[in-house]
Amino acid sequence: MGIVIKYIRQNLGSERDFKEAARSLPGGSTRSALYWPPFPLYMDRGKGTRLWDVDGNERIDFNFNNTSLILGHNHPKVVSAIRGLLEKGFTLGSPTELEPKLAEELVGRLKGADLIRFTPSGTEANMQAIRLARSYTGKNKLAKCLGAYHGSYDAVATTPKARTGIPDEVLENALFFPYNDAEAAEALVKRHKNELAAVVVEPTQRDMTPRPGFLQAVREVTEQHGVPLIFDEVISFRLSHGGAQEYYGVTPDITCMGKIIGGGYPVGAYASTEEIMEPLIIPESKLPEMAGPKLGFSGTFNAHPTSMTAGMEVMKVMQPGVYDRMSALGARVREGLKSVLDKGGVTAHVGGAGSFFHIIWTDEEVFDFETSATGNRVLARYFTLGMMNRGFFYLGHTNVSAITTEDEADSLIEAARGTLEELKPLVKEHAQHLLTP
Ligand SMILES: Cc1ncc(COP(=O)(O)O)c(C=O)c1O
């Protein structure tokens, strides 16, 4: 039976839900990334590393809400802390003591940060970080890596040919350089140093890892010319106790975070030095006629107590040894997938660092947006469905969590072996050059 037919038969409830949902929601849900053909799975519940969909199918999760649930679903410590919070009221309309606790924990993990602000999402963390850099420098332009995603926000369009709806004037302020191209980054910063408010880089852009010296070169040239360097660590912060910046030994001026720091609840944050955060600082005063900060920034759901509570519980568990174990497990999966592809006679790129792993269906070396775009998307989609059919929630930014076991990792590798066999006629049809003789 074909991969797609098997998927449809296994997920009749999801197919029904998708059709019904699409009547009121364009694309069937509110996250464009959560549509995949023929229809996405509609989930019912999750526990630990497992997910159950509306048809009752159990799957081992290797997505964890796009990397955010580092302790899996409904971790008992998070559940218990949230229960305690619900007793007290979960949004009180005034600061709480929960917010400075998580703030201190996160600032303590970042070498170059004294202060932090919370937002409801990673998108808004980047938005605010960029506004802060513009306010601090008095300049407007932003340099970023081609193809890098920093959230659904106009100023950080992924490419110069951005999607519809982004004004040309906004795009004119964006300058692009290829990830992993130190020379291009250096040349761009030197050429535009008088106009640049910031350079923003995701240390591990999607599943690509930095070539030795790339992040260091970007750091050096930005420092030399007084351009703030922003690391978007919304995803990569899970690489180590101190994020990708500790993992690769490069300290930015501003760090954006999200995902894991909210323990599964909506969150984002940006952290920096006291000097750069100065526009946000409110002069202390007991008088009602006090002056406000230079840069106002508010949000009804910023630092939501649920996110602060869950995030703190997660951070307490996430101590250095836990990251080491996750990285070892990630390496085990990457090695396993490489071996499956080699033995299966198919060439593909297996990428990722730490707890991340990913297959890109190409015979090219993948190191930037262009080379990653050579990956065959049709094969990627069929592979995803084949893995779903075998009981795995294998989607997007695939990763292992802190509670994923060796056995679960090995079962994923075994399922990849079966899926690859099933996929081979399609490889022949869609990308014959990937078949090894
Ligand atoms: C690197 C990066 N930055 C920013 C974002 C946006 O974060 P959010 O989805 O919380 O708005 C994402 C989301 O996946 C991301 O991967």
Side-chain angles (χ1 to χ4, degrees), residues 27 29-36 62-70 102 106 116-133 142-159 162-163 174 176 179-180 198-210 215 218 229-239 243-245 247-248 252 254-271 297 299 301-304 306-308 310-311 314 351-358 368-369 372 395-399:
S29 84
T30 306
R31 290 169 70 181
S32 300
L34 288 193
Y35 172 79
W36 63 91
F62 281 95
N63 172 271
F64 293 106
N65 193 24
N66 199 15
T67 78
S68 59
L69 292 160
I70 203 162
L102 185 59
L106 295 172
I116 189 167
R117 270 277 175 122
F118 291 105
T119 64
S121 70
T123 296
E124 284 152 285
N126 278 288
M127 263 171 67
Q128 293 301 332
I130 291 162
R131 188 189 283 182
L132 177 67
L142 178 75
K144 68 178 292 286
C145 291
L146 196 62
Y149 179 70
H150 300 293
S152 305
Y153 166 47
D154 291 6
V156 288
T158 49
T159 69
R163 293 192 175 174
F176 295 85
Y179 180 70
N180 265 328
V199 174
V200 57
V201 173
E202 185 183 9
T204 52
Q205 187 175 316
R206 294 259 100 194
D207 302 291
M208 293 173 287
T209 47
L215 296 175
V218 177
L229 174 62
I230 304 174
F231 271 2
D232 178 353
E233 292 233 34
V234 167
I235 283 202
S236 66
F237 191 63
R238 60 151 44 213
L239 277 183
Q245 52 198 270
Y247 196 79
Y248 295 111
I254 306 177
T255 302
C256 297
M257 288 165 280
K259 313 272 189 203
I260 68 166
I261 65 163
Y265 285 83
V267 83
Y270 57 105
F297 158 53
F301 295 112
N302 289 355
H304 197 279
T306 48
S307 315
M308 300 297 103
V314 168
S355 50
F356 301 112
F357 60 89
H358 194 65
D368 63 7
F369 178 61
S372 130
L395 187 74
H397 226 92
T398 31
N399 64 92

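Heads up: numbering here begins at 1 and tracks the sequence. As the structure lists them, so they are numbered: ligands from 1, and atoms in each ligand from 1. Note that the structure is predicted; figures quoted are calculated from it, not measured.
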Discussion item. Show me which atoms of ligand 1 lie under 4.0 Å from any heavy atom of Asn126.
Written reply: 3 (N), 4 (C)

Worksheet item: Side chain or backbone of Glu202 under 4.0 Å from ligand 1, or both, or neither, by non-hydrogen atoms?
Response: side chain

Practice prompt. Identify, for atom 12 (C) of ligand 1, the protein heavy atom at the shortest distance, and state residue, atom and that distance.
Written response: Tyr149 CE2, 3.6 Å

Worksheet entry | ligand 1 versus Lys259: contacting region, heavy-atom distance under 4.0 Å | side chain

Fill in: Contact atoms of ligand 1, heavy-atom distance to His150 under 4.0 Å
3 (N), 4 (C)

Worksheet item: Atom CG in Asn66, atom CZ in Phe64: separation rounded to 0.5 Å?
Response: 12.5 Å

Discussion item. Using the rule given for side chain to side chain contact (heavy atoms under 4.5 Å, CB included), can you reason through Phe118 versus Met308, listing the C-alpha separation, both sets of side-chain angles and the distance that settles it, and then say yes or no?
Written reply: CA-CA 9 Å; Phe118 291 105; Met308 300 297 103; 3.7 Å; yes

Item to complete: With rounding to the nearest 0.5 Å, note down the distance linking OH in Tyr270 to CZ in Arg131.
Response: 8.5 Å

Discussion item. Check this for me - ligand 1, Gly122, N or O atoms closer than 3.5 angstrom, yes or no?
Written reply: yes

Fill in: Ligand-residue contact atoms, ligand 1 with Ser121, heavy atoms, under 4.0 Å
10 (O), 11 (O)

Worksheet item: Should you measure from each heavy atom of Asn66, which atoms of ligand 1 turn up under 4.0 Å away?
Response: 14 (O)

Item to complete: Decide whether Asp232 and Asn126 meet the rule of one side-chain donor and one side-chain acceptor closer than 3.5 Å.
Response: yes

Worksheet entry | Any donor-acceptor N or O pair under 3.5 Å, side chains Arg238, Ser355 | yes

Worksheet entry | The one among Asp232, Val200, Thr123, Thr204 that brings a heavy atom closest to atom 6 (C) of ligand 1 | Thr123

Worksheet item: Which atoms from ligand 1 have a heavy atom of Ile235 less than 4.0 Å away?
Response: 16 (O)

Discussion item. Test side chain to side chain contact (heavy atoms under 4.5 Å, CB included) on Phe176 and Lys144; report intermediate values, then the result.
Written reply: CA-CA 5 Å; Phe176 295 85; Lys144 68 178 292 286; 3.8 Å; yes

Practice prompt. Mind checking the NE2-CZ spacing from His397 to Phe357? Nearest 0.5 Å is all I need.
Written response: 11.0 Å

